Amino acid sequence: MNATRRTGYSPQEIEPKWQRIWAERGVLEADDASPKPKYYDLVMYPYPSGDLTVGHARNYVMGDILARMKRMQGMEVLHPFGWDAFGLPAENAAMKRPGLHPETWTRENIAKATRELKMLGILYDWDREVTACMPDYYKWTQWLFLLFYERGLAYRAMSPVNWCPVDKTVLANEQVINGRCWRHLDVEVEKKDLEQWFFRITDYAQRLLDDLAQLTQWPEKVRVMQTNWIGRSEGAEVDFAVVGGSEAVRIYTTRPDTLFGATFMVLAPEHPLVPQITTPEHRNEIDAYIDKARKETEIDRLSTEREKTGVNTGAFAINPVNGEKIPIWIADYVLMTYGTGAIMAVPGHDERDFEFARKFGLPIREVIAPPTGPQGTLREAYVGPGSMVNSGEFNGLDTKTGFERVCDSLEKRGVGKRAIKYRLRDWLISRQRYWGAPIPIIYCETDGMVPVAKEELPVLLPKEYKPLADNPDFYNVKCPKCGRDARRDTDTMDTFVDSSWYFLRYVSPHDATQPFDSELANHWMPVDQYTGGVEHAILHLLYSRFFIKVLHDAGMLEVEEPFMRLFNQGMVKRFGQVMSKSAGNGVSPDELVAKQGADAGRVYEMFIGPPEEDVEWTDAGLNGVARFLQRVWRLVIEPDSIVVEGGGADAVALARKVAQTVKKVTDDYDTFRFNTAVAYLMELANAMQDYLQRGGTRDSGWDHAVQVLVKLLNPVAPHVAEEMWERLGAEGMLADAAWPEFDAAIAAEPEVTVVVQVAGKLRARLTMAAGASEKKVLDAALADPKVRAALDGSKPSKVIYVQDRLINLVP
RNA sequence: GCCGAGGUGGCGGAAUGGCAGACGCGUCGGUCUCAAAAACCGAUGUCCGCAAGGACGUGCGGGUUCGACUCCCGCUCUCGGCACCA
């Protein structure tokens, strides 16, 4: 008797139809001149690696849902897409297949991925597509390099750099994870001394740190990670005179209040003063240690497990606060790249110094007494606050006051000063690779470093795929200044340079005169919503923020932060690993769409779990989602197929459900809670089906419910929603329809539930008019049979608690 | 070690301090069928009970509260990030 006539729709028929119509009508082409409020909806542009998976697609579906909803809400939406198309995987692919050019490989992958995105019904303004490896894009990357150069923010320096032996290129500090290459976590990076280009991001350290406070709509996690990465610390630089030498050793400390506890000094092995101060009898030992430290891998040197090593130089320094003569050692736990490359060692109040002192029998002195507990029994370093002892005139001061007084004293005597240090280091952007934007600099014997004139850009990559340093046709040029033989820089730029400004190119992608149109950038920026993986929490996001600040300072942009709201979606895993073609566990959008169509695939991607959490892919629930869409179709298009099974349909309850769903789904789409949004849509469909099964009439209330369901469904399942909209005979496209408004009057509960407890134990729940008086509530409670039973027939001795929605009776 | 997030049915997961387990998957039962699949209808936290009903239940131990998955304290486990940064 419950047999239902076979009904439904075919995704294969309607999906291509609507994809064609959307493209023809340019549904998501952004109008720069629109009077509507703007909404910049950005997804992180991908590397076109050729293995677009349902994991990537999940991210783009989220962006698409938001774009479609914001459009229906009356906003002018900019939802562009592009390709982070320079980079090593293309070169690796070319090396595997001789004769294959990185560009060919990249273009093929872009074509394939584009087709898959369109097949999922994801709408972008394709007219604004940006491809980082195209000359009309990297021309402007080079232009921006020159801007940085002019502003003194690009410099060349010889320095020990991180070298990935597999990729055969240098890496920025951010690209070294635990001493290993970010692209190959099994490969330890080496240190090399090379002259390379750097961007002076450290000039912006304080602003990058301060402005994090503005980014209230970023995940706390990302802000903390950036804060730690920048790593600000406050302390003092102090000069220690070398006994018998002319030079002083400058150290950096965050604890000037422990200066009296310095019983020795430690210099980094690479410290330039080491050769000068080393006494003859220690020379051999010192040289051997330096040699050993140089050979050590980053991993070894950074290991905190390792026992301390070091060597005495034989030299002594004078502690400026008490004139004490203390030995100078070298040890690899002091890093040349942080602070001044030299420390005063205070073993009493620093764990590392304590360990070192223990091992080499150096004196340990307590100069900070803990607020409680025994004094003078240092069995480990005490690093907490306390009061100064054994510190001459400063005795008795607390840690904080001591810090200030010691600094004052040092500054007065000219032997030290307050200083702020950052962990952040300058951004190394040179790469010894072919597939990137060439650095537009020429080296001339006479004129030195000569930037290529901006009118001469782009410096084109030669067609032939081979290292630029091996390509004389590329590097042999005449000096722009003197006309004599000169040589081009044969390095290319880190691809993170490309990705630091691509979102600005979207505002004027065809501009042939400048990287971006400032007026349009000021119109569209900042990005309202940025969506992408948390793996870029430091690298890409920090670099982009830096770029925006530089462009702001150059007068090209009003904003100082690029991304207002950031969302990091979780990764899609399969068999416990992140999905990818190379790992052999990828599921392509093609495969997903082939099963139940694009709409079901989209809804399923959203329903599989909370968007910010990693999810394990299984398509077990895909059929359930497809069933849900078919059920919606029947309710909307074929309601006669629903068999009436009983009476008691409640039109008021349905109306309330509709209103509540509008609010919940709107909020959830807005805040990226797509999984619960889908659940609420399912609840509404269930309620509507129940209404019909109970013999509900298809009046205007029903029509309203139908319209709301179709509209709310549209962002996540646009093809079927659009088709239903058309069949309902509604005017215009659904894509242009107005978003349903939340009706608080209908959604409001006309009644409240009052909880009745007896002796603190729940006995009944009564439905009451919202404004019912306390007396009425009490009467109703006493009338309830369960409450009576609990009271054993007697009257309550007192009503101990009456609140809006609760009453507690004591027998 | 430090910082951050988390621990809820067979599974994915819901819950402004107010009926824990929404929604879905799976499983079980039913309708249809010669049969199966699909589809549809129903049941489904655990335990006791024929039932009505009752007891117990959100990692562990305390606390606040009329009431705690939710707030506080302590512990534990898992996952992410950072880690000799002076």
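Below, each value reflects all heavy atoms present in this structure, side chains not excepted, and no hydrogens, waters or symmetry copies. What you see is a predicted model; the values in this text were computed from it and never measured. In what follows, chains are A, B, ... by sequence order, proteins preceding strands, each numbered from 1.
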The glycosidic conformation of B/G57, counting syn as within 90° of 0 and anti otherwise, is anti

Taking the same atom, P, in B/G59 and in B/G12, what whole-Å distance lies between them? 14 Å

May I ask you to say what A/Gly231 touches in the nucleic acid, namely base, sugar-phosphate or nothing, with a heavy-atom cut-off under 4.0 Å? nothing

Could you measure between the two P atoms, the one in B/C48 and the one in B/A43, and give it in whole Å? 22 Å

Return the nucleotide paired to B/A55: Watson-Crick means purine N1 to pyrimidine N3 with N6-O4 or O6-N4, wobble means G-U with N1-O2 and O6-N3, both under 3.5 Å. B/U46

Sort out the partner of B/C60 for me: Watson-Crick or G-U wobble, both distances under 3.5 Å, none otherwise. B/G74

Give A/Gln693 one of three labels, base, sugar-phosphate or nothing, depending on what nucleic acid heavy atoms sit under 4.0 Å from its own. sugar-phosphate

Any strand, both distances under 3.5 Å, Watson-Crick or G-U wobble: B/C32 pairs with none

A/Asn686 near the nucleic acid: base, sugar-phosphate alone, or nothing, with a heavy-atom cut-off under 4.0 Å? sugar-phosphate

Contact between A/Leu681 and A/Leu709 at the side-chain level, heavy atoms closer than 4.5 Å - yes or no? yes

Just checking, A/Lys421 and A/Tyr338: is the charged tip under 6.0 Å from the six-membered ring centre and within 45° of the axis? no

Gap in Å between the two P atoms, one belonging to B/C69 and one to B/A15, rounded: 16 Å

Indicate whether OP1 or OP2 belonging to B/C25 is found under 4.0 Å from a side-chain N or O atom of A/Arg627. yes

Can you tell me the pairing partner of B/A15 across any strand shown, Watson-Crick or G-U wobble, with both distances under 3.5 angstrom? none

What is the pairing partner of B/A38, taking Watson-Crick or G-U wobble pairs with both distances under 3.5 Å in any strand? none

Is A/Lys595 atom NZ crowded by more than 12 heavy atoms from other residues, nucleotides or ligands, each under 6.0 Å away? no

Does A/Tyr604 reach the side chain of A/Arg58, with side-chain heavy atoms less than 4.5 Å apart? no

Roughly how far, to the nearest 0.5 Å, is the CD atom of A/Gln693 from the CG atom of A/Asn686? 9.5 Å

Please check the phosphate of B/C41 (OP1 and OP2 only) for any side-chain N or O of A/Gln689 closer than 4.0 Å. yes

Paired nucleotide for B/G80 [Watson-Crick or G-U wobble; both distances under 3.5 Å]: B/C3

Report the base-pairing partner of B/G9 (Watson-Crick or G-U wobble, both distances below 3.5 angstrom), or none. none

Looking at B/U65, which nucleotide sits across from it as a Watson-Crick or G-U wobble partner, both distances under 3.5 angstrom, or is there none? none

